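Here the structure is laid out as structure tokens; the discussion comes afterwards.
In this text the structure is predicted, and so the values were computed from the model without any measurement.
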Amino acid sequence: QVQLVEPGGGLVQAGEALRLSCVASGRPFSSYAMGWFRQAPGKEREFVAAISWSGGTTYYADSVKGRFTISRDNSKNTVYLQRNSLKPEATAVYFCTAGRGRVVVTNTTAVSSWGQGTQVTVSS
């Protein structure tokens, strides 16, 4: 079982940037893919970005392409989500996820473990 801890989040102004991080423990970090999901008020949880076990391949939801960047540092057991040019519609709880081995985490059925979630609020 993988444990995920997400420090960070908070309140930012529209147009600003913010980086989320997620620290994993419990299984060798380089043995599984990672992803980020989010859930806005009154909406279903949705996929945001995913990264392969090696960090060599990334995937993004169409709504965030070009503005969000997912990366990982396997030496620090950490995955990041850099978000630039934030818009108010990015306000949501962001969840870090670990996959079932090397299967890419682009949908909830591929998720093995969830972080506790971190609130990000973008003010206009």
Inset, instruction - Report whether Trp53 and Val79 are members of the same hydrophobic cluster (ILVMFWY, side-chain heavy atoms less than 4.5 Å apart, transitive linking). - result: no
Inset, instruction - Using side-chain contact (heavy atoms from CB on, under 4.5 Å) as the criterion, list what pairs up with Ser54, not counting sequence neighbours. - result: Ser52
Legend entry - Test side-chain contact (heavy atoms from CB on, under 4.5 Å) applied to Ala49 - qualifying residues, sequence neighbours left out: Tyr60, Ile70, Leu81
Please table the atom pairs, donor to acceptor, closer than 3.5 Å between any side-chain atom in residues 7-23 and protein atoms at least two apart or in another chain.
residue: Gln13; atom: OE1; partner: Ser123; partner atom: OG; Å: 3.3
residue: Gln13; atom: NE2; partner: Ser123; partner atom: OG; Å: 3.2
residue: Glu16; atom: OE1; partner: Gln13; partner atom: N; Å: 3.0

Inset, instruction - Mind running side chain to side chain contact (heavy atoms under 4.5 Å, CB included) on Tyr32 and Val105 for me, showing each step along the way? - result: CA-CA 9 Å; Tyr32 50 91; Val105 187; over 6 Å; no
Legend entry - Nearest-0.5 Å distance, OG1 of residue Thr58 to NZ of residue Lys65: 10.0 Å
Inset, instruction - Taking all heavy atoms of Asn77 and all of Phe29, pick out the closest pair and write down the distance. - result: OD1-CB, 3.3 Å
Inset, instruction - With Arg83 as the cation and Trp36 as the aromatic partner, state whether NZ or CZ is under 6.0 Å from the six-membered ring centre and within 45° of the axis. - result: no
Legend entry - CD-OG distance between Gln1 and Ser112, expressed to the nearest 0.5 angstrom: 5.5 Å
Inset, instruction - Mind checking salt bridge (Lys or Arg N to Asp or Glu O under 4.0 Å) for Arg38 and listing every partner two or more places apart, or none if nothing turns up? - result: Glu46
Inset, instruction - Taking side-chain contact (heavy atoms from CB on, under 4.5 Å) as the test, write out the residues that go with Ser31, two or more places apart. - result: Arg27, Pro28
Legend entry - Met34 reachable from Val2 in the ILVMFWY side-chain graph, under 4.5 Å edges: yes
Legend entry - Tyr80 vs Asp73 side-chain heavy atoms within contact, under 4.5 Å: yes
Inset, instruction - Would you sort out whether Thr108 and Phe95 count as a side chain to side chain contact (heavy atoms under 4.5 Å, CB included), showing the intermediate values? - result: CA-CA 11 Å; Thr108 57; Phe95 297 90; over 6 Å; no
Inset, instruction - Please report the shortest heavy-atom distance between Asn74 and Ser30, naming the atom on each side. - result: ND2-CB, 3.5 Å
Inset, instruction - Look up atom CD in Gln3 and atom OG in Ser25, then write down how far apart they are to the nearest 0.5 Å. - result: 4.5 Å
Legend entry - Val111 side chain near Phe37 side chain, heavy-atom distance below 4.5 Å: yes
Legend entry - Under the side-chain contact (heavy atoms from CB on, under 4.5 Å) test, residues paired with Gln116 that sit two or more places apart: Glu6
Legend entry - Expected output: side-chain Thr91 to main-chain Val122 donor-acceptor under 3.5 Å: yes
Inset, instruction - Mind listing the closest non-hydrogen atom pair of Ser113 and Leu4 along with its distance? - result: O-CD1, 3.5 Å
